[in-house]
Protein chains: 2
Amino acid sequence: MAFARLAILPTYKVVSDTIEREILAGRLNAGDILPTETELADQFGVTRHTVREGIRILEQSGLVRREAGRRLYVAEPHYGDLAPRLSRAMVMQRVTFRELWEVSMDLEPSAAAHAAGRIDASRLAQLRANVEATEEAITAGASIIPLDVAFHILVAEAAGNRALLLAREPVTQLFYPALERLFRHPKTSAVGPRRLVEAHRRIVEALADGDAEVAREWMRKHMVDFRRGYDTAGLDLDEALDPTAAPPAAPPPRR
Amino acid sequence: MAFARLAILPTYKVVSDTIEREILAGRLNAGDILPTETELADQFGVTRHTVREGIRILEQSGLVRREAGRRLYVAEPHYGDLAPRLSRAMVMQRVTFRELWEVSMDLEPSAAAHAAGRIDASRLAQLRANVEATEEAITAGASIIPLDVAFHILVAEAAGNRALLLAREPVTQLFYPALERLFRHPKTSAVGPRRLVEAHRRIVEALADGDAEVAREWMRKHMVDFRRGYDTAGLDLDEALDPTAAPPAAPPPRR
DNA sequence: CATTGTTCGTTTGTTGGACAATTGAAATAT
DNA sequence: ATATTTCAATTGTCCAACAAACGAACAATG
């Protein structure tokens, strides 16, 4: 017979795994304050420094959080925490615009369709406000990209599907720089914004009517327009995304 | 007027950010060996402990790696590293089977369709082998779930879209425990496996013919079957997934 | 009375130095 | 040439200490 390889883990990893298990098992719930580093070190029978290394790991996966200098508490990992890392992975793997677009071509129309049956009045109002703000931004000559991004997030949230939200987030984060180049380009800056806001408006109307198929179809057209604009601007669909174009930075932590 | 919040970061975070920037800027490339902890500490002018905490952060995001006890080197973050964390986030947010299924209903048929135009001979052979192995497992009464998971991964890889691969990975990881319960259930264990392998076979044929629409359609049917089985087994679509059902564990690291 | 300064105990952030365990490679013996 | 045995380098862990920041309570100031 033969023994399997032993899973020998460094102590700091054992520490983080142990705390993680308690959280996932529900014995520690979101919001609970964890013991201090010194107490944890005493309880585990290790040095405080080892505990700290374990905590760094947990922080990174979003399971625990600390407002700098203050006590540690259990948190629910939010997709916002994970999306930047996914985006980075895609950048480093030289993912192309075409790949991102293909995925969005599946997820965005589907999000619109699901949203049609589930959207509530509050979010519908937010979407309407977003469309108006976009029109104002166009006449004012301001950037409409943050508004566009916000529009799509609102639709995805209205779809009431957190798995969908999680799947689309890193993809659309990477669209950001591409969008900027697109709308600065002379060939697309003329009609592009008008077509965009027209599509947005139609989608909102369809959502208000609860018409899933119309919502899906206009979102699909909207995405096709996006790709066409990319073509028209002379950008290469199969080129890796700009590695320097980092995703929008998170606000500095409270301290 | 008002000042913006100061971005005061702890030293270990500055350390990890600094190294991260070098990697993302391409001045450090995958495979490069980093200086030793002591050297890093000297260069940055901080203690080795501080450097170590920074390293823990980088390791966690997959940018650097170390085979236990050995030197640190730059690595390309792989989605395989990130998917488990996404799955965990979904579990903690009490994502339901319905949400996962909706996303898969978009991504899996689309993956099949894309694969139809892009699959190569080698992967096609792997898929054929997978289907045969699945049939053998059925007659032998063994579990077909690992084979099913492998089948879908193969199709997704054949689609030649890394963003798609990344988006679907955490979702299907969470299907694993649901699949197990499904195929152990008396009502589905009788015909379920036969229908599954039939669908798989049709999909492979369509891929071999390069027929995207047939591939998409059979994958869609396959996914509908999955959901129907879930219903038939009397499981609740809108119940949160089992938090104890952890995603399959990674093999222990070499040491 | 609202704001500002002071004090104090608690907890995190950082430093110093130390040593065991492991690894990779060089040196030695077979 | 192949094992085996050193040996220096490097990581993993520990111990002890102190600076920095925070929360709260309270005094001082205008």
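First the proteins, then the strands, lettered A, B, ... as listed; each starts at 1. Predicted, not measured: the structure shown is a model, and the values here were computed from it.
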query = Which pair of heavy atoms, one from B:Thr96 and one from B:Leu237, lies closest together, and at what distance?
reply = CB-O, 3.5 Å
request  = Take the protein atom CD of A:Glu37 and the nucleotide atom P of C:dT14, then report the distance between them rounded to whole Å.
outcome  = 11 Å
note = Taken in chain and number order and not counting sequence neighbours, the residues that satisfy side-chain hydrogen bond (donor to acceptor under 3.5 Å, both in side chains) with A:His49 are A:Glu53, B:His49
note = d(B:Phe97 CZ, B:Glu102 CD) to nearest 0.5 Å is 11.0 Å
remark   = When rounded to whole Å, the CZ to C1' distance for the pair B:Arg65 and D:dT11 reads 18 Å
request  = Between C:dT12, C:dT15, D:dC14, spot the one nearest the side chain of A:Val46, thanks.
outcome  = D:dC14
message = Any N or O donor-acceptor pair under 3.5 Å from the base of C:dG17 to the side chain of B:His49?
response = yes
query = Base, sugar-phosphate alone, or nothing: which one does B:Arg52 contact when heavy atoms must sit under 4.0 Å apart?
reply = base
query = Any salt bridge (charged side-chain N to carboxylate O under 4.0 Å, His left out) pairs touching residues 151-180 of chain B, not counting sequence neighbours?
reply = A:Glu99-B:Arg162, B:Glu108-B:Arg168, B:Arg123-B:Glu157, B:Glu180-B:Arg184
task = Can you sort out which residues in residues 11-18 of chain B have a heavy atom within less than 4.0 Å of DNA chain C? Ascending by number, please.
result = B:Thr11, B:Tyr12
Partners passing side-chain hydrogen bond (donor to acceptor under 3.5 Å, both in side chains) against A:Glu20 (at least two apart in sequence or in another chain) = B:Arg88
Rounded interatomic separation in angstrom, taking CD1 from B:Ile8 and P from C:dT14 = 12 Å
message = Please confirm whether the shortest side-chain N or O distance from A:Thr36 to OP1 or OP2 of C:dT10 is below 4.0 Å.
response = no
query = Between atom CG in A:Asp42 and atom P in D:dT13, what is the gap in whole Å?
reply = 18 Å
remark   = In DNA chain C, stems of three or more consecutive pairs, Watson-Crick or G-U, each with both distances under 3.5 Å, turn out to be C:1-30 with D:1-30
task = Would you indicate, yes or no, if D:dC15 has its OP1 or OP2 atom less than 4.0 angstrom from a side-chain nitrogen or oxygen of A:Arg48?
result = no
ask   = Across the strands shown, which category fits B:Arg66 at heavy-atom distances under 4.0 angstrom: base, sugar-phosphate, nothing?
value = sugar-phosphate
task = Report the distance from atom CG of A:Leu40 to atom P of C:dG13, rounded to the nearest whole Å.
result = 13 Å
inquiry  = Minimum heavy-atom separation for B:Leu100 and B:Val171, please, with both atom names.
reply    = O-CG1, 3.7 Å
ask   = Rounded to whole angstrom units, what separation is found between the CD1 atom of A:Ile33 and the P atom of C:dT11?
value = 11 Å
ask   = So which nucleotide from C:dG13, D:dT11, D:dT13 ends up closest to the side chain of B:Thr38?
value = D:dT11
query = Once you round it to whole Å, what is the distance between C1' of D:dT10 and CG of B:Leu34?
reply = 14 Å
query = Below 4.0 angstrom from OP1 or OP2 of C:dT11, is there any side-chain N or O of A:Arg71?
reply = yes
query = Ignoring hydrogens and geometry, is there a side-chain-to-backbone donor-acceptor pair from B:Gln93 to A:Pro77 under 3.5 Å?
reply = yes
ask   = Between B:Phe175 and B:Tyr230, is the ring centre distance below 6.0 Å?
value = no
Shortest non-hydrogen separation from B:Leu34 to B:Arg71 and the atoms involved = O-NH2, 2.8 Å
query = Residues in side-chain hydrogen bond (donor to acceptor under 3.5 Å, both in side chains) with A:Gln43, at least two apart?
reply = none
query = What integer distance in Å separates A:Arg56:CZ from C:dT14:C1'?
reply = 11 Å
